[in-house]
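Worksheet: one structure, shown below.
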Amino acid sequence: MSRAAPLLAVAGLSKSFGGVKAVDGIDFTLAAGELLALIGPNGAGKSTTFNMVNGQLRPDTGSIHLAGHEMIGLTPRAIWRRGVGRTFQIAATFASLTVVEKVQMALISADAKLYSMWRRARDYRRGDALELLEQVGMAAQADRPCSVLAYGDVKRVELAIAMANQPKLLLMDEPTAGMAPKERNELMALTKSLVVERGMAVLFTEHSMDVVFAYADRIIVLARGRLIAGGTPAAIRDDARVQEVYFGSGRTFEKTAPNDAAPPRIPP
């Protein structure tokens with residue numbers, strides 16, 4: 001039986017800035033129903049790679065295929081409408097909107113609708129917005145102003161917004177940045193359950209290694225713009241080259257579980 005084609009296929013991807021190669025000919029694939037972590041020390045090229053996949057940067061060379069279709073040259077809005085959602089390292093909301101209104105605005109965008117700034121879209125797909133909030137555990141706070149939410153709840157709302165276009169692929173940039181260990185694990189457990197339920201794929205960057213090793217199905221590692229390793233969390237944990245890039249010594253990653261009270265964190 002032949003293996004199904006990957007949902008996302010990146011090949012020969014490169015990007016330079018002023019003669020400096022931020023990303024140097026990397027290749028990776030991502031299957032539906034899989035969480036793939038992209039890690040590496042500061043300056044490794046993670047953000048550049050992420051922004052090329054999302055259409056914010058155009059690669060110098062290479063290809064990015066989503067479900068067999070080339071994505072290079074498309075705008076971020078066009079990529080969003082092709083079924084790619086995204087969350088950001090620093091979550092932000094419009095303070096003047098309620099939680100449900102914020103998700104409704106994302107549904108309007110996903111449906112390519114236009115509304116006047118002076119016309120409130122309060123009734124537009126409210127039921128669908130509430131369903132998305134239910135999936136991320138925020139339905140009870142639907143009518144609260146975004147301005148009063150705790151940071152962990154803002155992250156949950158951001159996830160609901162990213163799901164508004166029913167994405168095939170979800171890009172998550174430092175999804176647990178600024179969150180306490182309990183909040184980190186709750187958010188990633190929620191993400192994992194959505195991946196399984198919806199059969200979508202997730203590519204995420206993350207500095208918290210407890211999150212990476214507990215929830216990623218596979219990990220790819222960048223260093224100085226090049227892909228130096230890829231494999232299961234167990235294989236990456238024991239990879240000597242990865243250990244050298246992160247620590248420059250004989251230290252090793254500690255084994256962690258999702259419910260560890262004080263998980264270790266690799267220094268930036």
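By the side chain to side chain contact (heavy atoms under 4.5 Å, CB included) test, R224 pairs with no residue at all, sequence neighbours left out. Partners of R77 according to the side chain to side chain donor-acceptor pair (under 3.5 Å) rule, which considers only residues two or more places apart in sequence or in another chain, do not exist here. Taking the side chain to side chain donor-acceptor pair (under 3.5 Å) definition, one finds that R82 meets it with nothing, sequence neighbours left out. The side chain to side chain donor-acceptor pair (under 3.5 Å) test applied to D60 returns no partner, not counting sequence neighbours. Qualifying side chain to side chain donor-acceptor pair (under 3.5 Å) partners for E131, counting only residues two or more places apart in sequence or in other chains: none. Residues satisfying the side chain to side chain contact (heavy atoms under 4.5 Å, CB included) criterion with A160, sequence neighbours excluded, are V103, L132, L133, V136. Listed by chain and residue number, M179, A180 satisfy the side chain to side chain contact (heavy atoms under 4.5 Å, CB included) test with E183 (two or more places apart in sequence, or in another chain). Under the side chain to side chain contact (heavy atoms under 4.5 Å, CB included) criterion, A37 pairs with I39, F204, V212, A216, I219, not counting sequence neighbours.
Counting only distance, with no hydrogens or angles, the side chain of T87 and the backbone of P175 share no donor-acceptor pair below 3.5 Å. At distances below 3.5 Å, at least one donor-acceptor pair connects side-chain atoms of T232 with backbone N or O atoms of A235. No donor-acceptor distance shorter than 3.5 angstrom exists from the side chain of Y215 to the backbone of T191, with no hydrogens or angles considered. Checked by atom type and distance alone, the side chain of D239 pairs as donor or acceptor with a backbone atom of R241 at under 3.5 Å.
With rounding to the nearest 0.5 angstrom, the CG atom of L35 is 9.5 Å from the CG atom of L203. Residue D128 holds its CG atom at 13.0 Å from CE of M163, rounded to the nearest 0.5 Å. Rounded to the nearest 0.5 angstrom, L107 CG and M105 CE are separated by 10.5 Å. Here the NZ-CZ distance, from K155 to R184, works out to 11.5 Å after rounding to the nearest 0.5 Å. Atom CD1 of I64 and atom CD1 of I72 lie 4.5 Å apart (nearest 0.5 Å). A distance of 9.0 Å separates CD in E174 from CZ in F50, rounded to the nearest 0.5 Å.
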Report, one line per pair, each donor and acceptor closer than 3.5 Å where one atom sits in a side chain of residues 193-200; sequence neighbours left out.
{"residue": "S193", "atom": "OG", "partner": "L190", "partner atom": "O", "Å": "2.6"}
{"residue": "R198", "atom": "NH2", "partner": "Q135", "partner atom": "OE1", "Å": "2.8"}

Name the atoms and distances for all side-chain donor-acceptor pairs under 3.5 Å in residues 7-27, with sequence neighbours left out.
{"residue": "S14", "atom": "OG", "partner": "G25", "partner atom": "N", "Å": "2.8"}
{"residue": "S14", "atom": "OG", "partner": "T61", "partner atom": "OG1", "Å": "3.3"}
{"residue": "K15", "atom": "NZ", "partner": "R58", "partner atom": "O", "Å": "2.9"}
{"residue": "K21", "atom": "NZ", "partner": "D24", "partner atom": "OD1", "Å": "3.3"}
{"residue": "D24", "atom": "OD2", "partner": "R226", "partner atom": "NE", "Å": "2.9"}
{"residue": "D24", "atom": "OD2", "partner": "R226", "partner atom": "NH2", "Å": "3.2"}
{"residue": "D27", "atom": "OD1", "partner": "G12", "partner atom": "N", "Å": "2.7"}

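A single hydrophobic cluster is not seen to contain both L227 and V245; linkage of ILVMFWY side chains at heavy-atom distances under 4.5 Å, directly or through other members, places them apart. Put simply, I236 and I220 are part of two different groups of oily side chains (I, L, V, M, F, W, Y) that touch within less than 4.5 Å, one to the next. Follow the hydrophobic side-chain contacts under 4.5 Å out from L30 and you never reach V202; the two are in separate clusters. Both L170 and M188 are assigned to one and the same hydrophobic cluster, defined by single-linkage of ILVMFWY side chains at heavy-atom distances under 4.5 Å. By the criterion of side-chain heavy atoms lying less than 4.5 angstrom apart, applied directly or through intervening Ile, Leu, Val, Met, Phe, Trp or Tyr residues, L149 is grouped together with L187 in one hydrophobic cluster.
The two residues P167 and A162 make their nearest non-hydrogen contact at CG-O, 3.6 Å. Residues L36 and T29 share a closest heavy-atom pair of CD2-O, 3.7 Å. Between I79 and V53, the shortest heavy-atom distance links the atoms CD1-O, 4.0 Å. When all heavy atoms are compared, the tightest approach of S63 to E70 is CB-OE1, 3.2 Å. In plain terms, the two heavy atoms of A32 and A201 that are nearest each other are CA-CB, 4.2 Å.
Looking at D153 and Q141, their side chains come closer than 4.5 Å, going by heavy atoms from C-beta outward. Looking only at side-chain heavy atoms (C-beta outward), V154 and K102 stay at 4.5 Å or farther from each other. No side-chain heavy atom of R81 sits less than 4.5 Å from a side-chain heavy atom of N165. Here the side chains of R86 and W80 are not in contact, with every heavy-atom distance at 4.5 Å or above. Considering only heavy atoms from C-beta on, K192 comes within 4.5 Å of D217 through its side chain. Put simply, the side chain of I228 does not reach to within 4.5 Å of the side chain of L222, judged on heavy atoms.
For Q166, the CD atom sits in a loose shell: 12 or fewer heavy atoms of surrounding residues, nucleotides or ligands are nearer than 6.0 Å.
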Self-check item: From CA spacing to verdict: side-chain contact (heavy atoms from CB on, under 4.5 Å), M172, E206
Solution: CA-CA 9 Å; M172 303 181 76; E206 183 59 62; over 6 Å; no
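Counting only residues at least two apart or in different chains, salt bridge (Lys or Arg N to Asp or Glu O under 4.0 Å) contacts with residues 32-52 comprise E34-R218. Residue pairs satisfying the salt bridge (Lys or Arg N to Asp or Glu O under 4.0 Å) criterion with at least one member in residues 35-45, sequence neighbours excluded, are absent.
The existence of a salt bridge linking D143 and R126 is confirmed by a sub-4.0 Å separation between a basic side-chain nitrogen and an acidic carboxylate oxygen.
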